Asker: 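Mind having a look at this structure? Questions to follow.
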Amino acid sequence: MRTRGAFCAATALALSAAVGCTTGDTEDRTRPSSPAASTPRTASPTATAAPVNPVSIPAMIQRDHTGSGLELGRVLTRTSAYTSYEVTYESDGLTISGLMNIPSGKGPFPALVLAHGYIDPEIYTTGRGLTREQDLLARNGYVVLHTDYRNHARSDKDPDNDVNLRLGYTEDVIGAAMALRSSGRPEIDTDRLGLLGRSMGGGVVHNTLVVAPGLFDAAVAYAPVSGRPEENIDQFQRPEGDPLVAEIESEHGTPETNPRFWREVSPLTYVDRVTEPLLIHHGTTDTTCPIRWTRQTVTAFEKAGKDVELRTYRGEGHTFYSQWGRSMDTTMEFFERHLS
């Protein structure tokens, strides 16, 4: 088990996020995603060679971040295994809403932050997107904090988030972890903290590991988006004629006209910073987030000598139906191994 005190005291956290795929909910429509992230330890030479673009992973690495003020609101569900609450917390000056399941019985329990996939903020409701995971993980003894992200549900608004490739979502995940740590709640074991994300949230996982090495003990990604934001835009936004594409390219340039920007918003550029083990699940017939994206991510992690494991599921699509139970058994074994 990693000691957290030194990290929290000596390290100023940072972040970034993704524009991407859908969640495990069948009614949710897919959309763009683009990962970018890192934390304030030692920035790589690439990150410090020139003035830092404020919309970039290097900027996230250098920035001081905050996460605090975790407050439980009304009870949403009460079962024999856990109680589910609406929650809010502060993340870099924004109030972020979410859902938290607290297991019954005597804690403290290990805690997991959950990062959902793309759901149109106009239809999103608190806790939507990873309901199966929220329930199963809480029943198996994990405190589960599912962040809504900024611009979702009751969270504060960030008008620049979309044109800035939704980097703020990673910030909200880092803030969630910091809020758990500083909450003082006896149910939470702050020395055992994991991260799980699906689809776009899988991209947020990659970003967070790069932005904030040492913040989590282990991470799991399901069917994640590409680690190259331009591929997510080409997959989800450009074919739909999304006007946001023109805004992004007007503000930041294209990969051809401004390759440095696109390199600096990709977590694959900074995988050397990662310190946590990562487990990735991906179905072989996923047409939403093609498995080749995950293979290129795994290759980058392996080249950097990182602890990454890929589990593939023959015939499984994006949302994991028939093999979801098996994948979650693997996930819980993974967390048990690394959060003990």
Side-chain angles (χ1 to χ4, degrees), residues 1-8 13 24 67-91 96-116 126-127 129-148 172-198 201 204-205 208-209 212 214-222 276-279 324-325 327-340:
M1 179 177 65
R2 186 179 296 119
T3 300
R4 295 299 181 178
F7 174 88
C8 295
L13 297 176
S68 61
L70 180 67
E71 292 189 8
L72 274 59
R74 68 186 181 96
V75 172
L76 297 173
T77 308
R78 199 184 298 274
T79 74
S80 60
Y82 65 86
T83 303
S84 182
Y85 300 87
E86 284 187 343
V87 298
T88 57
Y89 63 94
E90 180 271 334
S91 176
I96 305 300
S97 63
L99 170 153
M100 189 160 79
N101 292 346
I102 299 179
S104 305
K106 183 175 173 57
F109 304 100
L112 302 175
V113 175
L114 269 55
H116 65 81
T126 288
L130 288 166
T131 53
R132 298 178 299 179
E133 291 80 359
Q134 294 162 16
D135 176 77
L136 182 63
L137 292 166
R139 289 182 183 279
N140 280 272
Y142 292 93
V143 171
V144 175
L145 174 54
H146 179 286
T147 177
D148 289 334
D172 300 335
V173 164
I174 292 174
M178 296 176 73
L180 283 169
R181 284 244 177 78
S182 62
S183 69
R185 297 200 62 86
E187 307 96 334
I188 300 169
D189 185 340
T190 57
D191 284 330
R192 294 188 289 165
L193 193 59
L195 173 62
L196 183 148
R198 177 181 292 280
V204 173
V205 167
T208 301
L209 295 181
L215 179 61
F216 290 95
D217 291 289
V220 175
Y222 272 83
E276 292 72 47
L278 170 65
L279 170 65
W324 178 78
S327 74
M328 286 301 294
D329 286 344
T330 302
T331 290
M332 287 187 289
E333 289 168 3
F334 176 81
F335 280 136
E336 185 175 356
R337 190 162 68 248
H338 293 290
L339 272 61
S340 60

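This one's a predicted model, so the numbers in the text were calculated from it and none came from an experiment. Numbers here simply count residues along the sequence, with the first being 1.
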Asker: Checking side-chain polar atoms at under 3.5 Å, does Y89 have a donor or acceptor matched by the opposite partner on T147?
Answerer: yes

Asker: Could you work out, with side chain to side chain contact (heavy atoms under 4.5 Å, CB included) as the rule, every residue matching T88, not counting sequence neighbours?
Answerer: E71, T95, S97, R154

Asker: Any luck finding a side-chain donor-acceptor pair between Y82 and D135 under 3.5 Å?
Answerer: yes

Asker: Starting at CG of L145, measure out to CD1 of I96 and round the result to the nearest 0.5 Å.
Answerer: 11.0 Å

Asker: Identify the two heavy atoms, one from A212 and one from I174, that lie closest to each other, and give their separation to 0.1 Å.
Answerer: CB-CD1, 3.8 Å

Asker: Any donor and acceptor pair, going by atom type alone, linking the side chain of Y222 with main-chain N or O of S327 inside 3.5 Å?
Answerer: yes

Asker: Can you name the residues that form a side chain to side chain donor-acceptor pair (under 3.5 Å) with E86, not counting sequence neighbours?
Answerer: R74

Asker: Is there a donor-acceptor contact under 3.5 Å from the side chain of D148 to the main chain of G127?
Answerer: yes

Asker: Can you tell me how far OG1 of T330 sits from CD of E333, rounded to the nearest 0.5 angstrom?
Answerer: 5.5 Å

Asker: Who pairs with T77 by side chain to side chain donor-acceptor pair (under 3.5 Å), at least two apart in sequence or on another chain?
Answerer: none

Asker: What are the two closest non-hydrogen atoms of G141 and P110, and how far apart are they?
Answerer: O-CD, 3.6 Å

Asker: Test L215 against E276 for side-chain contact (heavy atoms from CB on, under 4.5 Å), laying out the working first.
Answerer: CA-CA 9 Å; L215 179 61; E276 292 72 47; over 6 Å; no

Asker: Supply the atom-to-atom distance D217 CG to R337 CZ, rounded to the nearest 0.5 angstrom.
Answerer: 13.0 Å

Asker: Are any non-hydrogen side-chain atoms of L72 and I102 less than 4.5 angstrom apart?
Answerer: yes

Asker: Could you tell me whether the side chain of F334 reaches within less than 4.5 Å of the side chain of V220, counting heavy atoms only?
Answerer: yes

Asker: So which atom in A219 and which in L209 form the shortest heavy-atom distance, rounded to 0.1 Å?
Answerer: CB-CD2, 3.9 Å

Asker: Please name all residues satisfying salt bridge (Lys or Arg N to Asp or Glu O under 4.0 Å) with R78, sequence neighbours left out, ordered by chain then number.
Answerer: none

Asker: Applying side chain to side chain donor-acceptor pair (under 3.5 Å), can you list everything that pairs with E187, at least two apart in sequence or on another chain?
Answerer: R185

Asker: Would you mind telling me which of M178, E90, M100 makes a side chain to side chain contact (heavy atoms under 4.5 Å, CB included) with L70?
Answerer: M100

Asker: Could I get the full list of side chain to side chain contact (heavy atoms under 4.5 Å, CB included) partners for A111, not counting sequence neighbours?
Answerer: V143, L180, I188, L193

Asker: Please round to the nearest 0.5 Å and tell me the distance separating atom CG of L339 and atom CZ of F109.
Answerer: 14.0 Å

Asker: Looking only at non-hydrogen atoms, find the nearest pair between G98 and T126 and report the distance.
Answerer: O-CG2, 3.4 Å

Asker: Taking N101 for its side chain and Q134 for its backbone only, find out whether a donor-acceptor pair lies under 3.5 Å.
Answerer: yes

Asker: How long is the span from the CZ atom in F335 to the OG1 atom in T331, to the nearest 0.5 Å?
Answerer: 6.5 Å

Asker: In this structure, which one of H146, H116, R198 forms a side-chain hydrogen bond (donor to acceptor under 3.5 Å, both in side chains) with E133?
Answerer: R198

Asker: Which heavy atom of W324 sits nearest to which heavy atom of L136, and what is that distance?
Answerer: CH2-CD2, 3.8 Å

Asker: Please walk me through it: do V173 and L195 pass side-chain contact (heavy atoms from CB on, under 4.5 Å)?
Answerer: CA-CA 9 Å; V173 164; L195 173 62; 3.7 Å; yes

Asker: Verify side-chain contact (heavy atoms from CB on, under 4.5 Å) between L76 and Y85, making sure each step is shown before the conclusion.
Answerer: CA-CA 5 Å; L76 297 173; Y85 300 87; over 6 Å; no

Asker: Roughly how far apart are L99 CG and T131 OG1, rounded to 0.5 Å?
Answerer: 10.0 Å

Asker: For the residue pair S91 and G175, what are the closest heavy atoms and their distance?
Answerer: OG-CA, 3.7 Å

